[in-house]
2 protein chains.
Amino acid sequence: MATVSRAVNESSLVTAATRQHVAAIARRLGYMPHGGARSLATRRTHTIGVLLPDLYGEFFSEVIRGIDLTVRDVGYHCLVSSARHNGAQLEAAIRSMLGRVDGVILMSPEFTGEISRRTLHGGFPVVLLNCPSPDPAFDSLTIANYEGAYDMVRHLAQLGHRRIAIIQGAAGNFDAAERLRGYRAAMRDAGLAPDSDVEFAGDFTEESGAEAARAMLAMPDRPTAIFAANDCMAIGALAALREAGVSVPDQVALGGFDDIPMARYVTPALTSVHVDISALGERTAARLLAKLEGPADARRIRDTLPATLVVRRSCGALQN
Amino acid sequence: MATVSRAVNESSLVTAATRQHVAAIARRLGYMPHGGARSLATRRTHTIGVLLPDLYGEFFSEVIRGIDLTVRDVGYHCLVSSARHNGAQLEAAIRSMLGRVDGVILMSPEFTGEISRRTLHGGFPVVLLNCPSPDPAFDSLTIANYEGAYDMVRHLAQLGHRRIAIIQGAAGNFDAAERLRGYRAAMRDAGLAPDSDVEFAGDFTEESGAEAARAMLAMPDRPTAIFAANDCMAIGALAALREAGVSVPDQVALGGFDDIPMARYVTPALTSVHVDISALGERTAARLLAKLEGPADARRIRDTLPATLVVRRSCGALQN
DNA sequence: CAACTGAATGTAACCGTTTACATCCGAAGC
DNA sequence: GCTTCGGATGTAAACGGTTACATTCAGTTG
């Protein structure tokens with residue numbers, strides 16, 4: 001049976017003749033190698049775990065896509081698990097993957113150093129994706145949320161807007177918090193007083209964007225510009241504004257975040273902050289693969305993916 | 001070590017005292033069960049394989065979401081693999097999952113009975129998702145593509161349109177073919193002559209929709225209605241029409257397919273055919289789980305998920 | 001022709017669990 | 001005090017492969 005194993009794995013130790021002989025018999029018997037057994041013996045599963053807070057929306061699917069794309073080229077699979085993870089669930093999810101993956105990509109605000117020490121105790125390969133990363137013991141990739149939001153709001157301020165509202169992302173969300181931080185910093189740097197009345201709540205859904213816009217319209221001195229913390233909310237706001245007969249960008253300027261494919265197809269086309277989400281997944285996966293394949297490298301990497309302003313019609317900067 | 005195993009698995013054969021004793025020592029030693037070894041011994045991986053043609057676009061991410069949602073409730077994971085599968089790649093992908101999953105969900109037009117017999121030889125649990133399914137030996141779930149397209153085109157015809165164009169989906173795609181079939185049947189039943197000049201090519205992308213619309217506008221006797229085989233193309237067409245100064249729905253009526261979330265937020269809101277994609281994933285996963293958990297049931301199930309017309313402004317049926 | 005090669009094949013331990021079966025042990029029955 | 005009994009624990013054989021090491025077997029050498 002050693003020879004069979006070697007033949008199947010194309011080892012150079014078997015002659016071409018035996019290899020073919022084995023192949024022929026295997027075919028006749030309908031033999032197929034058992035992946036699980038193989039990885040038990042080799043201690044390599046060629047699988048990476050992907051832990052996501054949820055699978056909803058374009059963002060996550062794009063991330064997964066990027067990950068799978070890079071990973072499958074080198075013969076790896078993705079074992080995905082999406083749960084809105086509170087600490088205990090997250091830990092359980094990690095544990096359940098423990099003998100099935102070579103490493104994990106973790107996207108969860110809930111991940112704490114304590115969990116890591118207790119369940120990952122020591123050198124289990126992990127790359128954090130878009131996490132607050134309280135723990136510098138892990139590699140992590142993030143989006144330039146702060147910078148992107150800052151650029152957007154500065155752009156709106158440069159267009160002459162003095163009262164700029166924000167529709168915030170989901171409470172407790174890392175991206176949301178960073179984008180808010182960028183908004184506030186840009187406001188301050190533009191010499192604009194912070195005003196919590198124009199910091200509307202939201203949760204990244206179209207509906208919450210529409211609601212915030214309606215609330216804004218009811219204000220006595222309503223803002224002349226809105227920065228929505230993602231495109232879905234921006235599009236929701238756009239629909240609400242149109243319904244109320246308020247013209248974008250003439251009466252209210254609007255900017256989003258994420259630059260989803262749809263952004264360029266709404267009317268007016270949505271000014272947004274572009275993030276190459278698929279690339280984020282790719283880079284993260286590549287980093288994890290490097291840890292798995294390459295020699296142990298103690299260096300921890302913290303990488304930030306740029307977010308670039310894309311100016312379209314909804315902010316009013318463009319003619320026609 | 002048998003006792004440890006029993007303690008970890010909460011077997012009723014160990015006393016509470018030993019169970020706690022084991023737990024304490026496990027904690028001190030940082031012991032965690034090895035999933036791979038466990039599944040080798042039990043011959044259950046609690047994992048299902050999901051084979052997709054690609055991961056691009058809202059459709060696939062929604063399907064995965066539905067699958068993962070149902071599957072995780074019963075403690076299963078998803079091992080996903082997305083490759084544009086030609087026959088050989090598909091077979092390789094299945095083989096590579098063979099000892100790692102309890103069953104697979106397969107979404108691929110390339111799946112043939114021959115592959116199945118060669119690599120699945122016999123009773124490996126499979127559920128086909130939106131496949132042409134040449135092989136009645138498998139359970140399969142599909143979308144009512146034909147019926148949905150038929151309803152849409154009949155609707156347009158009832159609004160008085162005589163020349164109705166279609167922007168087709170990707171060549172070789174099963175959904176695309178079915179939607180085309182529905183379009184043609186509806187045309188015929190409405191007493192409208194088929195005309196290959198108004199059957200435009202497309203590939204499900206926004207850009208291809210825009211191109212088809214531009215080509216249509218250049219025609220001497222241009223159609224008064226367009227049925228795009230998915231919403232992305234419809235939105236692309238919408239953008240092209242607007243650019244050309246052609247009003248929707250006044251000059252050209254437009255309908256899409258899929259009813260993606262964005263459909264209601266474009267202007268005018270897009271008439272479409274609604275399919276609950278997430279539910280498609282859920283149902284498929286539930287079917288596979290039934291095969292895995294329940295007793296072997298020889299009955300093969302072919303299920304079709306309904307597709308329902310959603311009338312919005314873009315078709316011109318609604319006032320204001 | 002015996003000893004020495006080195007490539008090809010065979011043997012058996014191991015990967016980390018589960019589980020059928022054997023064993024142990026204390027309480028109850030005689 | 002010696003069986004009997006049943007519940008808790010221990011033993012060892014799987015599960016299906018990989019791989020270090022031992023062995024075989026030609027084909028050289030001296």
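Chain identifiers are assigned alphabetically (A, B, ...) following the order of the sequence lines, protein sequences preceding nucleic acid strands; residue numbering begins at 1 within each chain. The model shown is predicted, which means the values in this text are computed figures rather than measured ones.
For the side chain to side chain donor-acceptor pair (under 3.5 Å) with Asn130(B), the qualifying choice from Asp175(B), Thr142(B), Asn173(B) is Asp175(B), the only one to do so.
Looking at Arg283(B) and Asp303(B), a side-chain N of the basic residue comes within less than 4.0 Å of a carboxylate O on the acidic one, giving a salt bridge. Lys291(A) and Asp102(A) are not joined by a salt bridge, as no carboxylate oxygen comes within less than 4.0 angstrom of a charged side-chain nitrogen.
Side-chain contact between Met107(B) and Leu280(B): absent, with no pair of heavy atoms (C-beta onward) separated by less than 4.5 Å.
Within a 6.0 Å radius of NE2 in His34(B), more than 12 heavy atoms belonging to other residues, nucleotides or ligands are found.
The separation between Leu29(A) atom CG and dG17(D) atom C1' is 16 Å, rounded to whole Å. Leu13(A) has its CG atom 13 Å from the C1' atom of dT18(D), to the nearest Å.
Counting non-hydrogen atoms under 4.0 angstrom, Ser39(A) reaches nothing in the nucleic acid.
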Nucleic acid footprint by protein, nucleotides 11-19 of chain C - heavy-atom cut-off 4.0 Å, B for base, S for sugar-phosphate alone | B---BBBBB

